[in-house]
Structures are given as structure tokens and as C-alpha cells.
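Following: one structure in C-alpha cells, then a few remarks.
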Amino acid sequence: MKKILQQIFFDRPTLIIAQELLGKFLVRKSGKKEIAGMITETEAYIGLEDKASHASRGRTKRTEVMFGNPGYWYVYLVYGMYNCLNIVTERERYPAAILIRSVCLLPFHYDRQNMAVNGPGRVCKYFQVDKRFNKRPAELKTGLWIEDRGVRLNPKKIKKGKRVGVDYARSWKNKHWRFYLE
DNA sequence: TATTTGATTCTT
DNA sequence: AGAATCAAATAT
């Protein structure tokens with residue numbers, strides 16, 4: 001069973017979605033080639049108050065997609081080198097998104113050496129995601145979407161921790177808004 | 001207009 | 001521990 005997650009899935013509380021995305025599949029299709037991997041690590045960035053979120057500094061050309069409708073991709077360049085892939089969540093005008101940090105590749109795609117793709121920069125590199133996908137909807141015709149393939153996780157398998165690389169975010173850096181599988 | 005800084009990763 | 005490398009935020 002394969003079911004593409006629709007926009008309504010993302011129009012809900014971000015912390016719920018960030019956990020539910022674990023076990024879902026990120027799918028990239030260009031031409032006949034399809035790459036798919038199970039999402040194993042996410043981070044939530046929520047609201048104007050969250051000092052770790054780009055949206056906390058207000059609505060800019062870069063962050064406006066976070067203020068828009070849910071179910072859209074937010075792709076940005078960090079450290080001048082790496083792209084980061086996020087899915088926008090919650091209602092229009094409420095800025096929130098989830099960073100996809102790691103995935104686990106299907107056997108068809110890996111050679112044991114690199115079955116895990118750890119780190120947002122590596123996820124984008126492997127799935128050939130760049131700013132072309134920014135502000136585009138997560139759906140089939142975009143060539144990049146998220147699927148439910150029937151994997152059901154025991155909620156106890158979900159680990160929580162502090163978000164990575166946000167030491168500058170004052171008290172918000174201590175929020176346990178990072179979710180991952182062992 | 002100039003400087004600083006990152007939701008990172010790779011090399012030394 | 002440091003480099004790579006640039007868009008956006010902040011300082012001047």
C-alpha cells in the first residue's frame with residue numbers, strides 16, 4: 001500500500017507530524033528513476049517565537065514559504081554549501097516547518113555501505129534536491145513527495161532530543177523537538 | 001556598504 | 001580544530 005500524503009496531513013500540529021513522519025517515505029522521481037527512503041530523523045521549527053526558526057526574524061523573501069500553506073517544500077542553502085529540505089506545516093500565516101535530517105534507503109538503492117543517509121545536507125545531495133523545489137508542493141507532479149507505505153512504528157521507538165546546531169537560540173535551544181529512530 | 005553568521009559536512 | 005562558501009541578518 002502506497003499513499004501519498006496530502007496537504008491536509010500537514011495542516012496539523014507540527015510536533016505531531018514530526019513524529020508521524022518517522023517511518024514514512026521520502027520519494028524523489030525524475031524521469032524513470034525513483035529514489036525512496038524511510039524517514040528516520042526530523043526536527044520541528046514552530047512559530048514566530050522559536051528563536052531557532054528562520055521565521056523568528058520575521059517574514060522575508062526566504063522565509064515567506066513557511067508562512068504559507070502547509071504541504072509545500074522549504075529548501076534553503078546553509079553554510080554556503082548544503083541544502084536543507086523542510087516540509088511546511090500548520091495553517092497559512094502560522095510559520096512552521098519540519099527539517100528532514102535522515103532517511104534509510106531501500107535495499108534496491110544501497111550497497112550496505114551507505115544504506116543510511118544521515119544529515120540534512122546529505123539527504124539533499126543523495127535525493128538531488130536543491131532550491132528548484134523551494135515553494136513547490138509535495139506531490140507527484142513535483143517529483144518530490146512523502147508516502148505512507150504502511151510501516152507502523154511502536155511509539156516507544158521514537159527518541160526525542162535537542163535540535164542540532166541551534167546553540168544561538170537562547171532558551172529555545174533546549175526544546176526537545178528532534179525526533180529519531182535508533 | 002561592510003561584516004558576521006549559520007537548521008553542515010569533510011578534511012587535517 | 002578548521003576549511004569550504006554564500007545568502008541573509010546585523011552592524012556601520
Side-chain angles (χ1 to χ4, degrees), chain A residues 10 12-22 24 26 28 35 37-90 93-105 109-138 144-146 158-181:
Chain A
F10 300 101
R12 295 186 299 143
T14 305
L15 290 177
I16 301 291
I17 302 171
Q19 293 173 77
E20 289 187 4
L21 282 183
L22 299 177
K24 300 294 189 291
L26 178 66
R28 170 85 165 92
I35 306 169
M38 191 179 78
I39 298 169
T40 56
E41 184 181 5
T42 59
E43 271 178 7
Y45 292 86
I46 311 168
L48 285 166
E49 302 298 308
D50 179 5
K51 290 288 180 272
S53 171
H54 293 161
S56 69
R57 302 185 190 277
R59 188 170 183 150
T60 67
K61 184 138 191 169
R62 180 172 69 156
T63 62
E64 67 179 356
V65 63
M66 289 184 72
F67 290 78
N69 284 309
Y72 282 72
W73 296 116
Y74 169 39
V75 182
Y76 66 90
L77 187 68
V78 74
Y79 296 112
M81 294 189 127
Y82 298 103
N83 287 303
C84 288
L85 176 65
N86 306 250
I87 186 75
V88 174
T89 57
E90 313 231 16
R93 314 220 302 195
Y94 186 83
I98 296 166
L99 173 66
I100 297 175
R101 291 191 60 87
S102 301
V103 305
C104 187
L105 300 177
H109 296 293
Y110 65 76
D111 55 15
R112 195 170 186 81
Q113 289 266 329
N114 64 344
M115 60 178 283
V117 181
N118 296 315
R122 291 202 193 109
V123 168
C124 285
K125 191 176 172 192
Y126 194 90
F127 282 77
Q128 296 164 33
V129 169
D130 57 34
K131 295 192 77 168
R132 297 199 317 276
F133 291 97
N134 192 38
K135 299 183 184 177
R136 305 211 50 208
L144 185 66
W145 67 90
I146 300 175
I158 299 176
K159 307 291 180 188
K160 302 174 177 65
K162 292 181 184 178
R163 292 173 293 179
V164 175
V166 295
D167 287 347
Y168 58 87
R170 302 170 41 163
S171 67
W172 295 87
K173 75 182 182 188
N174 295 318
K175 297 278 183 191
H176 288 190
W177 287 356
R178 170 173 169 252
F179 304 96
Y180 57 100
L181 304 175

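Any value given below was found using the heavy atoms of this structure, including those in side chains, with hydrogens, waters and symmetry copies removed. Sequence lines set the chain letters: A, B, ... in the order given, protein chains first and strands last, and positions in each chain run from 1.
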- Mind listing the residues from residues 55-63 of chain A sitting with a heavy atom below 4.0 Å of DNA chain C? Number order is fine. A/Arg57, A/Thr60, A/Arg62
Would you mind reading off the distance between [X] atom [atom1] and [N] atom [atom2], rounded to a whole angstrom?
X        : N      : atom1 : atom2 : value
A/His54  : B/dT5  : NE2   : P     : 15 Å
A/Arg122 : B/dC10 : CZ    : C1'   : 8 Å
A/Tyr76  : C/dC6  : OH    : P     : 17 Å
A/Lys125 : B/dC10 : NZ    : C1'   : 9 Å
A/Asp167 : B/dT4  : CG    : P     : 20 Å
A/Ile100 : B/dT8  : CD1   : C1'   : 17 Å
A/Tyr74  : C/dA7  : OH    : C1'   : 10 Å
A/Leu99  : B/dT8  : CG    : C1'   : 11 Å

- Query: Looking at B/dC10, C/dA8, B/dT8, which one has an atom nearest to any side-chain atom of A/Pro120?
  - Reply: B/dT8
- Can you figure out which of B/dT8, C/dA8, B/dT9 approaches the side chain of A/Cys84 most closely? B/dT8
- Mind checking the CG-CG spacing from A/Leu181 to A/Leu22? Nearest 0.5 Å is all I need. 4.5 Å
- Message: For residues 44-58 of chain A, which residue pairs pass the salt bridge (Lys or Arg N to Asp or Glu O under 4.0 Å) check, not counting sequence neighbours?
- Response: A/Asp50-A/Arg163
- Query: Mind checking whether A/His54 and A/Tyr45 have ring centres under 6.0 Å apart?
  - Reply: no
- For the rings on A/Tyr74 and A/Tyr72, is their centre-to-centre separation under 6.0 Å? no
- Query: Is a side-chain donor-acceptor pair under 3.5 Å present for A/Lys162 with A/Asn174?
  - Reply: yes
- Looking only at side chains, do A/Thr63 and A/Thr60 share a donor and an acceptor under 3.5 Å apart? yes
- Interface residues of residues 38-48 of chain A with DNA chain B (non-hydrogen, below 4.0 angstrom): A/Tyr45
- Message: I'd like to know whether A/Glu90 forms a side chain to side chain contact (heavy atoms under 4.5 Å, CB included) with A/Ile46, so could you lay out the CA-CA distance, the side-chain angles of the two residues, the decisive distance to 0.1 Å, and finally the verdict.
- Response: CA-CA 9 Å; A/Glu90 313 231 16; A/Ile46 311 168; 4.3 Å; yes
- Query: Step by step, would you call A/Tyr180 with A/Arg178 a side chain to side chain contact (heavy atoms under 4.5 Å, CB included)?
  - Reply: CA-CA 7 Å; A/Tyr180 57 100; A/Arg178 170 173 169 252; 3.6 Å; yes
- Query: Checking A/Asn83 side chain against A/Cys124 main chain: does a donor-acceptor pair fall under 3.5 Å?
  - Reply: no
- Query: Do A/Thr89 side-chain atoms and A/Thr14 backbone N/O form a donor-acceptor pair below 3.5 Å?
  - Reply: no
- What do the steps show when you test A/Trp177 against A/Glu43 for side chain to side chain contact (heavy atoms under 4.5 Å, CB included), and what is the final call? CA-CA 6 Å; A/Trp177 287 356; A/Glu43 271 178 7; over 6 Å; no
- Do A/Leu144 and A/Trp73 pass the side chain to side chain contact (heavy atoms under 4.5 Å, CB included) test, and can you show the C-alpha distance, the side-chain angles, and the key distance before you say yes or no? CA-CA 9 Å; A/Leu144 185 66; A/Trp73 296 116; 3.7 Å; yes
- Paired runs of 3 or more consecutive Watson-Crick or G-U pairs involving DNA chain C, with both pairing distances under 3.5 Å, are B:1-6 with C:6-11, B:8-11 with C:1-4
- Query: Are the side chains of A/Val123 and A/Leu26 in touch, meaning some heavy atoms are under 4.5 Å apart?
  - Reply: yes
Mind listing the side-chain donor-acceptor pairs of residues 94-102 of chain A below 3.5 Å, one per line with the distance, residues two or more places apart or on another chain?
unit_1   : atom_1 : unit_2   : atom_2 : d
A/Arg101 : NE     : A/Glu41  : OE2    : 3.0
A/Ser102 : OG     : A/Glu41  : OE1    : 2.6
A/Ser102 : OG     : A/Gly119 : N      : 3.4

Pull out every protein N or O sitting under 3.5 Å from an N or O of nucleotides 2-5 of chain C, one pair per line with the distance.
unit_1 : atom_1 : unit_2  : atom_2 : d
C/dT5  : O2     : A/Tyr79 : O      : 2.6

- Task: Could you work out the separation of C/dT5 and B/dA2 based on their P atoms and round it to a whole Å?
- Result: 22 Å
